[in-house]
Amino acid sequence: MKATLVLCLVASRLSVLVWAATTKEAEPSWPSENSGDRFSTDGNGYHTETLLISTKLTKVRKSVATDLERRESSIFAAGVRSSAWATNLAEMEAVVMDQVKQSMLTANYQMPDEIRSGMLGFKINSSALIDDLTSLHNIDQIRIDNAIHAMRDCKKDLATWRDSVQQLRVKHDTCRTDQAARYDSMKGSCQNYSTAQKNAGPPPNCSLSAAAPLYPWPDVDEAFDTCFHATHQWQSGLWDSHEGCRMARQVHTLKKEECDSLQRDFESAVCDLASNQTSICSCFDGGKCKYEAVRAEVVGAEKSRRASHASIVRLGCHIDFMIASSTDDGPQPQECEELDVNTTHLIINYSLPVPPESCESVAPCGKVFLEEEYTNKAWHKNAPAAECVPCPAPAITESSLFGGSQSMMALNRESGKGVCWGRSGYGADCSGEDFTGITDVFATCCGFMAVNTAIGRGFCWGRGGHGGDDCSDFNFTGDISVSDSPWQEGFMVVNRATGKGFCWGQGGGCTDEDFIGTTDVYAGSRARLFLNKAAGTGHCVGLHSRGGLCGHLNFTGVTDVYTTERAFFALDKTTGRGFCWGADGWGGNCTGKDFTGVTDVYTTMSTFLALDKVSGRGFCWGGDLGSDCSHQNFSGITDVYSAGAAYMALNKKSGQGFCWGSSRFGGDCSGLDFTGITEVHGSKLYFTAVNQATGRHFCWGDYHSINTHGCNKVDLRFLSESC
């Protein structure tokens, strides 16, 4: 009976090992280069799995695991499993060896029929178990190959871009050399003209216009004739040198314009090369990161499979001895113990592709670039380059900075890493949260909510009663609208399809409310708006003095709604109709304002800014700080950001920005360099600017808060990492 238990436990432990290897989630799978399957790519350039291949791989792995489980149940269903005997196959092998030893020590040892039957059952099915281990090996090899394939596909041939840069470099150098020669020619011609002027002396002391000729002949004005003759005599010695100088200036100007155009083309080509090089390296680094994650899983499974395979073979050998011992036929125990089991077929090939030749690129306008390409050139003295045009900032389609009035958060969606800073107890600590798969982050004054809309999972942190309460039990699946304002003191979430919603924080809950037809929700401090854009109706709740009363307003055509702490502004961008309600001192009165052409609206704690980015026209209203922006020039502005009492306007293309409002709380950013900045976010007391590509950031505003909140100490370099 004991031997039966041992054999049952052998099978049980083996299936557990194999089951653990087969029930891990399948990694994305790509077809081979010659498979003919279609490829699709995500925004980072990685090949993503086709639905068919992913589904097949997942089904295969589950099928293998199911077969193992079924096989174990059918063969050893009668056995009694107990972990008291061993915890892995190696220990099982030791137990079986002990049984072998007992059989050798006992004369005329007769093996019970049930033990012999169990051994034969294991022996018969061991080959199937080994085949399944091989199948699992093949699947993991595919996973590794797919990860390697993704890195290999990152490599592009940069020769075309390098050739373009070199050709334009040569053209630009040649042009500037010619421009310098034209300059020398112009200089010589115009110096000759200057010398001729000196030699000619002063012009005649007479005026042709004063001595007008008389017509018809024979009447002659002697004064005119005399002046005309003297003038001709004087200028005849100057004319050729004058024309030589004028023509030389024209030729030089045309050549300079040609060279300036070539310079712009050259710098643009360098930007293209740098962009493609960065893309390749980022793609490769991201692929390598994913490869390492898969490899970490596969290495352990590979080691387990090889050990399992060897144990199965050795156990089979011992079983052969025990079954054949009555006839002194078959392998001997020592032979089984020393058996060299070949498991090389279960070795995973981890060979990596050659990494990009270089990830170092020199973008235009840096010190090294200017010296190598312009200032150290022989032509630079007489043909200086035009002002260098830097590469445009990379387009950022998703925000990486989030925050309310008290704290901020930075999130790298790709790696699932996040970091928070700000006022203690108000959402500044998120070190224990898992942001893997998070698609959206929302904020109140004092808390945060992170949501994975794909699976409907969400969680909150921060100050209780102000949005930081536990929200993990809520269902965020479906087409939802979430209130998102740094001035709100709680969250509202409405499912547009079902009309069901839930609220928490200041303002109470709304689980029992019927929100059928509600398309969007907005909130200030202790006032809420539930808007039905399709019907043109709105329903407000909360303090009337802060916008909680809006039943008298007509929301027909409203496309957007904005909030300060205590006021709302609704706008129809199509017609330019806009209206406000709430506290006047917080922007609740905008009577007489013309919103025609307004493309964007921004808010501080107490003011609104309406901006027409096309014309550059902007105007503000509301409280004192930041409400006067009539003197600001918004031409070329691409983005505007706000803090509690200040605004910041940025031109991402040029890296130029300006601020206004309370100088203490961020309204003065003179002297700051915003080149390369991709995103800015404001809290109540200060601004944070970051370059997502590098993680470089800086803060300005209330110095004390910046230090105590840790804005100047937080490390945001992880934003540029792939994993």
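As a basis for the values below, the full set of heavy atoms in this structure was taken, side chains included, without hydrogen atoms, waters or symmetry mates. Throughout, residue positions are numbered sequentially from 1 according to the sequence presented. This one's a predicted model, so the numbers in the text were calculated from it and none came from an experiment.
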Review point. Is the gap between the ring centers of Phe568 and Trp487 under 6.0 Å?
Key: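 No; Trp487 has its ring centre 6.0 Å or more from that of Phe568.
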**Study point:** Test of ring centre spacing under 6.0 Å for Phe502 and Phe476
**Key:**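 Yes; Phe476 has its ring centre under 6.0 Å from that of Phe502.
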Check your understanding: Which atom pair, heavy atoms only, marks the closest approach of Cys271 to Pro390?
Key ->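 Between these two residues, the closest heavy atoms are SG-C, 4.4 Å.
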Review point. Taking the six-membered ring for Trp, are Trp461 and Phe448 parallel (under 30°), tilted (30 to 60°) or perpendicular (over 60°)?
Key: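 Ring orientation, 0 to 90° scale: parallel.
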Point to revise | Parallel, tilted or perpendicular: ring planes of Trp700 versus Phe674, cut at 30 and 60 degrees | key: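 Rings of Trp700 and Phe674: perpendicular, over 60°.
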Polar contact flag, side-chain donor to acceptor under 3.5 angstrom, [X]-[Y]:
{"X": "Asn707", "Y": "Asn712", "result": "yes"}
{"X": "Ser400", "Y": "Glu679", "result": "yes"}
{"X": "Thr439", "Y": "Thr453", "result": "yes"}
{"X": "Tyr647", "Y": "Thr607", "result": "yes"}

Check your understanding: Is a side-chain donor or acceptor of Ser407 paired with a backbone partner of Tyr426 at a separation under 3.5 angstrom?
Key ->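 Here the side-chain-to-backbone pair exists.
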Exercise for review: State plainly whether the residues Arg305 and Asp140 are in salt-bridge range, i.e. N to O under 4.0 Å.
Suggested key: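 Judged by the 4.0 Å cut-off on N to carboxylate O distance, Arg305 and Asp140 do form a salt bridge.
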Check your understanding: Glu489 pairs by side chain to side chain contact (heavy atoms under 4.5 Å, CB included) with which of Arg526, Glu565, Arg463?
Key ->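 The passing option is Arg526.
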Exercise for review: For a side chain to side chain contact (heavy atoms under 4.5 Å, CB included) with Phe530, tell me which candidate from Thr519, Val521, Asp520 qualifies.
Suggested key: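 The residue from Thr519, Val521, Asp520 that satisfies side chain to side chain contact (heavy atoms under 4.5 Å, CB included) with Phe530 turns out to be Val521.
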Check your understanding: Under the 6.0 Å and 45° cation-pi test, does Arg295 pair with Tyr350?
Key ->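 Arg295 over Tyr350 ring: yes.
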